[in-house]
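FYI, the numbering just counts along the sequence from 1.
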Amino acid sequence: MPQDTAAGRLTAVTDATFADTVLAADRPVVVDFWADWCPPCVGTSRHLAELAREFGDRLRVVTVDTDANPATARTYGVMSLPTMLVFVGGEVVGSIVGARPKNHLRLAFTRHLDS
């Protein structure tokens with residue numbers, strides 16, 4: 001779910017904007033798949049907003065509301081929420097399923113910064 005960051009809001013991506021925003025990105029992108037009815041998604045969203053500020057321009061964090069954008073969720077086999085996929089060069093290079101502590105997310109994302 002979109003959250004406020006120092007640079008604005010996390011970008012909400014749709015089925016229509018996914019390719020341009022994520023697949024064509026010039027840096028690693030974390031895609032947070034979430035839904036309004038998912039309580040663990042709320043905490044994860046807060047962590048992601050904080051991490052987006054922390055990583056700045058080195059990493060982009062976007063969100064996909066799976067209820068409003070089911071095609072993208074289906075394409076990437078998202079079966080549980082929250083799910084975070086890390087894309088580098090338009091390819092999935094990492095995934096995290098379920099709520100995790102912010103330190104776990106930070107370490108997982110840092111691995112992909114030099115990809």
Side-chain angles (χ1 to χ4, degrees):
M1 59 191 50
Q3 291 284 322
D4 292 326
T5 66
R9 293 175 64 81
L10 294 180
T11 303
V13 177
T14 66
D15 289 341
T17 62
F18 189 86
D20 288 340
T21 305
V22 176
L23 302 180
D26 61 353
R27 61 187 150 179
V29 180
V30 174
V31 180
D32 174 33
F33 291 89
W34 66 279
D36 280 331
W37 48 262
C38 168
C41 294
V42 175
T44 297
S45 180
R46 268 194 310 273
H47 293 330
L48 291 174
E50 293 167 3
L51 289 170
R53 283 191 301 270
E54 191 177 306
F55 283 110
D57 290 338
R58 298 181 300 150
L59 177 78
R60 187 165 191 191
V61 182
V62 302
T63 65
V64 174
D65 177 346
T66 58
D67 288 337
N69 301 284
T72 301
R74 266 194 312 273
T75 297
Y76 292 98
V78 175
M79 303 295 283
S80 297
L81 300 179
T83 290
M84 289 142 283
L85 299 179
V86 181
F87 287 79
V88 175
E91 300 292 326
V92 176
V93 296
S95 67
I96 300 169
V97 178
R100 298 288 187 269
K102 186 166 75 171
N103 282 338
H104 178 93
L105 298 175
R106 180 184 296 111
L107 288 172
F109 301 158
T110 299
R111 290 183 201 126
H112 301 290
L113 290 180
D114 295 326
S115 299

How would you list all residue pairs meeting salt bridge (charged side-chain N to carboxylate O under 4.0 Å, His left out) that involve residues 54-71, not counting sequence neighbours? Arg27-Asp57, Glu54-Arg106
With side chain to side chain contact (heavy atoms under 4.5 Å, CB included) as the test, would you mind laying out the steps for Trp34 and Val42 before giving the verdict? CA-CA 9 Å; Trp34 66 279; Val42 175; over 6 Å; no
For Ala24, give me all partners under side-chain contact (heavy atoms from CB on, under 4.5 Å), at least two apart in sequence or on another chain. none
ILVMFWY network linking Phe109 to Val93, side-chain heavy atoms under 4.5 angstrom: yes
Looking at OG1 of Thr11 and CG of Asp32, how far apart are the two atoms once the value is rounded to the nearest 0.5 Å? 12.0 Å
Side-chain heavy atoms under 4.5 angstrom apart, residues restricted to Ile, Leu, Val, Met, Phe, Trp, Tyr: same cluster for Leu51 and Leu107? no
Got a donor-acceptor contact below 3.5 angstrom from the Ser45 side chain to the Cys41 backbone? no
Residues joined to Tyr76 in its hydrophobic cluster, side chain to side chain under 4.5 Å directly or through other members, sorted by chain and number, are Val13, Phe18, Val22, Leu23, Val29, Val31, Phe33, Trp37, Val62, Val64, Val78, Leu81, Leu85, Phe87, Val92
Quick one: side-chain contact (heavy atoms from CB on, under 4.5 Å) partners of Ala71, sequence neighbours excluded? Asp15, Arg74
Residues which pass side chain to side chain donor-acceptor pair (under 3.5 Å) with Thr17, listed by chain and number, not counting sequence neighbours: Thr14
For residues 87-102, the side chain to side chain donor-acceptor pair (under 3.5 Å) pairs (sequence neighbours left out) are Glu50-Lys102
Heavy-atom closest pair, residues His112 and Pro28: O-CG, 3.4 Å
CD1-CG distance between Ile96 and Leu105, expressed to the nearest 0.5 angstrom: 5.0 Å
Approximate separation, where rounding is to 0.5 Å, of Met84 CE and Thr44 OG1: 5.0 Å
